[in-house]
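The chains referred to below are lettered A, B, ... by the order of the sequence lines, with proteins before strands, and numbering in each begins at 1. All heavy atoms count here, side chains included; hydrogens, waters and symmetry mates do not.
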Amino acid sequence: MRTTEKLFAQLRTHKDTRWLTVWVAGLLCIVLWDLAFLNRPAFMKIIQGFWNTMAIAFLVTLCTLLFAWVATNLLHTLTMRTMRVPYLTLSFALNLLRSVPQIVGVLLFYVLVASLVQKGSLSSSAAIAPFMAVGMGLFIFLELTDLMRERIDHFRRLDFYNAMRVCGVQEKRIVNFDILWKNSRVHILNKLIAVFGMAVFLQCSVDFIISVGLSNNVNAVNLPSTLGSLLAKIDSKQDILALGYTLTHPSYAAHLPFTHLLGLTVAFLIVFTLLCMHHIANGFAERHRL
Amino acid sequence: MNASSYAVRIGAQGRQLVSVDNFSVAANAITFLFGESGIGKSIIAKALYGLLNPAEFDIAINNQPYRDHLNDPWTRAVRHNSFFVFQEPSSHLNPLMKIKDQLREGSLVSTEHEQLILEQLWEKAPAETIRSITNLFPKPYRPSGGEKQRILLAMAFKKISAYTGKDAATGPALFVFDEPTGSLDNTYRNLFLTMLFNRFHEKKFTALIITHDYSIISEVYGSHRDLSPHVLYHELSRTGDATVAVNDFSPQSYLGWLSSITGAKQDATGGKPLLTIKPDFTIFNKKMRVCGDPVAKTPAPLIIGKGETVYLKAQSGVGKTTLAKIVMGLYKAQNFSMDFMDRIIDHTSPQEVWQQEIWGKKAGLVFQHADEALNLQATVQETFAGLPLRTPLTMQGLKQRLEELFEGEITDAFLSKKVAFLSGGQKQRLNLLRTLILDTSLIILDEPLNGLDFASIKKVLALLEKKRRQGASFLMISHNEEIFDAFVEKTKVYYLTAL
Amino acid sequence: MKARVTEHLLSFVLVALVLICALFILKSRQDTARTASLSGIRDYTSLSFMDYDDPFQRALLRDVMDIYFPGSHDRNDSLVTAALRYRQEAFNRSVQTSDMREELSAAKAVQLFGMYLKFLFVYVLVMAISWYGVQTLAVWRFVAERREPIPGRRVRQYFLRALSIGASLVLFSPAYVIAYSVRTEFNTDTLFFMVLLGVVSNGLLMTYANKFHAFLTAESRKGYVETALAKNLRNTWDTRTGISLAAIVRPLKRFDGHVFNHIFMNARVQYFSTIKEQASFLITGLIIIEMALNIHGHFSYEMLRQLLYGNYDIVIAIILGIFFTVKATEMAADYLAHKEWLKYENH
C-alpha cells in the first residue's frame, strides 16, 4: 500500500516520471487498439518500424555520449597543456561541423551509407543501424560537448577546480569524476534524453525525405524500416490526408481510428514520442533544478 | 503577529531544512545573532520577514501556515517599513541596472537623505567619486564587493531614515542585516556600526544583525558601550539534524578567550627559512609590495621558517588571496620570485613545477569559500579520495582525523553523507581538514575561520597550533584581525599594499 | 568580439575554399572517369563515316579491324563489342536522364540565387515571428504559473489543460505530418504556409519557449530578486494589479515597478546567446519542410533533387549557400549579443 502511495505521490510531484508513465501507457493503448483493429502485416510493420526507430535513437544517444566525452577530454587536455595549435585546429574543425545544419549532415551521411550498401560493404540491417547512428551522432554530439565544456568551465571559474589541484588531486580525476560524474551527470542525462528525442526527430525526417524524394536511389538499398519511412508509404500518406478531410467533414472523424489506422498510428507515435521526450527532459530539469 | 518568540519550521521537497522553537527578536533593540554558517540563520530571518515563496517551501510559523503569516498585518507593516540587507552583495544587485536606479526603486524612490548616507558610507568621499560609483552597472569586479555591500547598506539606511525621520511611518519595523560586514574591512565595518548606533540613538528601532564576526563584540564594547542595555547577543546552535535553538551568547566568554590567547609565543626551530618571497611584484598591472610594517611601506621579504605561523594583512580587496594563488602557481606575477625549500621559483617557472613537486606534496592551500572549494555532490569520505598521501588513509584513520574537528563520534553514516547536506561550518572544517591531512611543509590558509561558530573557531585554532608544533608552517590570510593579531606573534605579521 | 569575427570570417573563407575545391575535384574526376571508360575504344566510338545501327557496317568494321591488325582477331572483336556497348549505354543514359542532367552554369546559378533569396526571406520572417512567440509564450506561462487558481473554475482549468496538450501535440508535430494532414484542404505550397509551418511545427516554438521559461525560472531565484522584494516592488501576478495580458503580448516588453521586470531583463539577455542555436534549429526545420513537401522551385528541395540526379556540383553550391546562411546568422547573433552586453558594461 505504501509503495503504491509513494508511486502516486511521485507521479504527482515528478513531472518526468509522470510523462514517462504517460508515454509507456500511451504506447500500450496504441498496441492494444492496433491489435484489435489493424491487420496483422501492418501491425508487424509498425512494431518493426517503432523498434528500429527506438533502437537507432538509443544508439545515437550512446554515440553522442562517447564522441562528446572524447572531444571534451581532448579539448581540455590541449587547453591545460597550452598546446595552442592543435587546440585551435580541433576547435575550428568542430565549429565547422557545427555550421552544417544537422539535417544536411545526416542526409549526406545517408547518401554515403546508401553508396556503401550498393557496393556491398554494408548488407544487413544489424550492420547498417549502428552506422546510421554513428552518422547522426556526429552531427549531434557537439551539443553535449558544449554542455560538458560549460560544466568544466563553470567549475574552473569557481575555487572548486584549483582547490582540488593544489591538494594534489589528478586533473583527469577532477574533470571526469568530480566534475562530469559527480556534478554533471544529471545535466548530461537530461541532455541525453533531449538527444534521444532529437535523434527520433532527425531519423524520422531523413527517412521520410529519403523515402519521398530519393526513392529511386534508395529502393535498392535495404535501409532498416523506421517510423519515418513507414509514414512516407502511400498507405500512410492517404491516412494522414484523411485527417485534413476530417477538418472540413467532422462526421468522418469516427472512421479515423478504424479505417486509417496505419498512417495515424505512425504519425501519432512520432508526435507523441517527441512530445513525451520533451516533457520528460523538462520535468527532469525542473526536478533537479538544472 | 507580534509574538516575542517564534516557532519556525521550514522544509522543502519533503525534507525538513530547519526547525526552531524559540527564535526571538527583541523589539526596539539591536540583536546580534551568531552561529556557524548554514545552520539556518538567514532562512529563518527571511521566513519571518516574509520573503520566502510559499510555493517552494513548506513553512509554518507558530504552527500557522505561511500564507497566514504573509497576510498578517504585522508582516505587511514590517515589509512596508523596513529593509533586509542580504549577504553576498554581488548577487543581490541587478547586473543590468545602474546602481543609482536601484537605489531609487520601489519603496526607496525618495532621494531624501540619499546623498548624505552615501557620503557617510564612503567616509565623506567627493560627490564625483560617489557619482561615478552609482553610475555603474554592478559587475563582478567593479564596483568592488565592499562597495556593493555599502550600496545595500545605503538602501537600508534610506529606509531607517524614513522610519526614524520627522514623517516617520507608524507600525512595526524590523531591519535585518545578514552578514552586513562580510565584504568590509574593519574601518568600514566600524563606520557602519557607528551609523547604525547613531540612528538608533535618535529613535529606537528593531534590528537583527546576523554575523560570524565575533570581533564585532569588542567594537560594540569599546565604542558603543552606552547602548549595551539595548544590545543583545544570541547564538544559534544545533540540537538535532535539522533542529536548532537560540541561546544567549555571553560576550564575556569571547572577550575572555581572546585575552587568554594573546601573546602566544612560537618556538621556531631556526635554520634556513622554508619560504622566502621577494617583496615587490606586479600582477594585473598592479604593483604590489610586502612590508614589515603598516605605515612606512618599506619592502620586507616575507619569510616563513619551519614551524612558524605568519599572518599576512591587507585592506579588503588589495590582493591577499591573489598572493596566495601566486605562491601556489595559480597566477603568474611579473618580477615574482620565491625561494621555497631550497628551490628558486619565479614567474618564468612552468606550471609543471607546481604540479609535480608542490601541490599536495610540499604545500597546500585552503580556499576561503568551502562551498566552492569542496565537491558538494561527493560524500565526506570521497572528499579525501585522490589525495597524494604517503600512506593510504584507512576508514579508521579518517574517522580519527575527522574527530579532531568534529564533535562526537564519527559514524559510517556521517562518512557517507553528501557534503551538500552539511552545514556551512561543517563544510569549512572539512575544507580545512582536506589540506591539513596532507603531509605538506607549508599550508596557506585563506580565511580559515569563515563561517565557524565560536566553539569551532577554538577547535580549529587548537588544531593549527598542534600541527605547528609538529613542524608545519602556516601562512594565514584573514580579515579577522582581532583573533589573528592575538594568535600570531607580532614579529610574524606582514602587510601587503598596492603601490 | 574581434577574435570571434576573425574566426567566423576564417571559417567562411576556408569552407568556401574547401567546397569550391571539392566542386573542381568532382568535375575533374567526372572527366577522368569518362576518359577512363573510353580508354582503348575512344577511336572507335564515334567514327564519322559509320552507321552504328546498320548490322552490315558493324560486321564490316570487324573485318576492317582484322585487316588492319592481323592476327589479333579476339582483341579486335572485343574492342568493337566494347565500343558498341559504350555507345548503347551512352544512348540509354541520355534517354533516361535527359531532364535530370544539369551543370552549374551561369543560368543555373542565377536560378539558384533566386531560390536562395526566397529561402532567406522565409528564414528571416520565421526567425522574427518565433523570436516574439518564444518570449510571449514563456512569459505567459511563467506568469500563469504564479497566479492563484480561481476557486470553482476546475472544469475551465481542465479544459484549458486539455487544450494546451492538444496545442503541444500540434507544435511538436514534424512539419510533414501537419502539411500532409491538411494538404487536401489547403494549398501547402505557398510561402505563407511555409512561414506558418516554420513557426508552428517541428517543436521550435515549444523548445525555445521552454528554454526562455527556464531562464526566467533560474533568474527568479537570484539574489537581486530578493532585494527587489525587500524594496517592495509589486509582486502580484493577477491581470489587474500584477501583470496585464497587454503587457505580456506587447512586442517590446516592459514590466516597470514589478519584480518581474528584473527577472525578464536578465532572462532576455541570456536568450540572446541562444539565437545561434535557435537559428540552426530553424534552418534544419525549413530544410525538412522544403524537402519533405517536395515544393518545386525551393532551395532545399532543389538540393534533394540534384542529389537524386547526382548533380553534385549543384548540391555543393546549395550547401555553400546554406553554410553561408548559418555563418552569417552566427556572426549576426554574436554581434547582437555583444552589443547587448556592451549596453551593460562599465566603461
Side-chain angles (χ1 to χ4, degrees), chain B residues 42-43 45-46 49-56 67 70 76-99 101-109 132-133 135-143 148 151-152 155-156 158-159 174-178, chain C residues 141-149 151 213 215-238 241-242 253-273 336-347:
Chain B
S42 305
I43 201 167
K46 283 180 190 174
Y49 195 91
L51 283 171
L52 298 184
N53 183 355
E56 281 190 41
R67 283 186 199 275
L70 292 179
R76 283 173 182 270
V78 160
R79 286 191 60 175
H80 183 262
N81 296 333
S82 329
F83 198 78
F84 197 117
V85 174
F86 300 92
Q87 57 177 325
E88 295 166 22
S90 290
S91 61
H92 279 84
L93 289 170
N94 185 346
L96 306 184
M97 198 185 249
K98 284 195 173 175
I99 287 170
D101 297 329
Q102 300 194 47
L103 270 169
R104 291 163 201 173
E105 244 197 330
S107 60
L108 304 177
V109 70
S132 72
I133 291 168
N135 256 327
L136 294 174
F137 291 102
K139 294 284 158 187
Y141 300 105
R142 194 166 169 241
K148 283 182 206 140
I151 293 293
L152 286 172
M155 291 177 183
K158 278 183 82 170
K159 287 298 290 268
L174 168 62
F175 293 93
V176 183
F177 296 87
D178 192 358
Chain C
R141 187 181 148 199
F142 185 86
V143 171
E145 281 168 353
R146 274 148 190 81
R147 281 190 183 142
E148 298 280 336
H213 178 268
F215 289 148
L216 289 171
T217 308
E219 289 301 322
S220 70
R221 294 179 184 136
K222 294 266 173 83
Y224 61 79
V225 179
E226 290 187 315
T227 307
L229 287 172
K231 284 192 270 188
N232 283 320
L233 262 74
R234 278 197 336 274
N235 188 32
T236 49
W237 302 90
D238 58 292
T241 61
K253 301 185 199 314
R254 284 185 70 89
F255 307 92
D256 291 332
H258 198 283
V259 171
F260 185 62
N261 199 39
H262 287 263
I263 299 170
F264 178 75
M265 66 199 289
N266 278 277
R268 195 175 149 273
V269 166
Q270 289 191 52
Y271 181 44
F272 270 96
S273 59
L336 278 174
H338 180 67
K339 211 176 129 197
E340 190 66 18
W341 276 112
L342 276 184
K343 270 205 259 178
Y344 307 111
E345 273 304 312
N346 294 318
H347 298 289

> In terms of heavy-atom pairs under 4.5 Å with chain C, which of B/Gly106, B/Ser91, B/Ser82, B/Ala156 leads?
B/Ser91

> Can you tell me which of C/Lys222, C/Glu226, C/Lys343 forms the most heavy-atom pairs within a distance under 4.5 Å of chain B?
C/Glu226

> For the rings on B/Phe86 and B/Phe84, is their centre-to-centre separation under 6.0 Å?
yes

> B/Arg67 versus chain C, heavy atoms under 4.5 Å apart: side chain, backbone, both or neither?
side chain

> Answer yes or no: is there a donor N or O on one side and an acceptor on the other, between the side chain of C/Lys231 and the main chain of B/Phe83, under 3.5 Å?
no

> What is the minimum heavy-atom distance between C/Ala228 and C/His262, and which atoms define it?
CB-CD2, 4.1 Å

> Examine whether an atom of B/Pro89 lies under 4.5 Å from a heavy atom of chain C, and if so say whether it belongs to the side chain, the backbone or both; otherwise answer neither.
neither

> Can you say whether C/Glu219 sits under 4.5 Å from chain B via the side chain, the backbone, both, or neither, judging by heavy atoms?
neither

> Given heavy-atom pairs under 4.5 angstrom as the criterion, report whether the side chain, backbone, both or neither of B/Leu93 touches chain C.
backbone

> What part of B/Lys46 is in contact with chain C, defined as an atom under 4.5 angstrom from a non-hydrogen atom: side chain, backbone, both or neither?
side chain

> Under 4.5 Å heavy-atom distance to chain C, tell me which part of B/Ser90 shows up: side chain, backbone, both or neither.
neither

> Say whether, by atom type as modelled, one donor and one acceptor occur between the side chain of C/His258 and the main chain of C/Thr236 under 3.5 angstrom.
yes

> Look up atom CG in B/Leu136 and atom CD1 in B/Ile99, then write down how far apart they are to the nearest 0.5 Å.
5.5 Å

> Using non-hydrogen atoms only, which part of B/Lys98 is less than 4.5 Å away from chain C: side chain, backbone, both, or neither?
neither

> Ignoring hydrogens and angles, tell me if any N or O in the side chain of C/Arg141 forms a donor-acceptor pair with the backbone of C/His213 under 3.5 Å.
no

> Count the heavy-atom pairs under 4.5 Å between each of C/Asn346, C/Thr227, C/Asn232 and chain B, then report the option with the highest count.
C/Asn346

> Check whether any side-chain N or O of C/Arg147 sits under 3.5 Å from a backbone N or O of C/Val143 as a donor-acceptor pair, and report yes or no.
no

> Can you say whether B/Gln87 sits under 4.5 Å from chain C via the side chain, the backbone, both, or neither, judging by heavy atoms?
neither

> Which atoms form the tightest heavy-atom contact between B/Met155 and B/Leu103, and what is the distance?
CG-CD2, 3.8 Å

> Go through the atoms of C/Arg268 and report whether side chain, backbone, both or neither lie under 4.5 Å from a heavy atom of chain B.
neither

> Within the distance-only criterion (no hydrogens, no angle test), does the side chain of B/Gln102 pair as donor or acceptor with the backbone N or O of B/Asn94 below 3.5 angstrom?
yes

> Using non-hydrogen atoms and a 4.5 Å limit, figure out which bit of C/Val225 sits close to chain B: side chain, backbone, both or neither.
neither

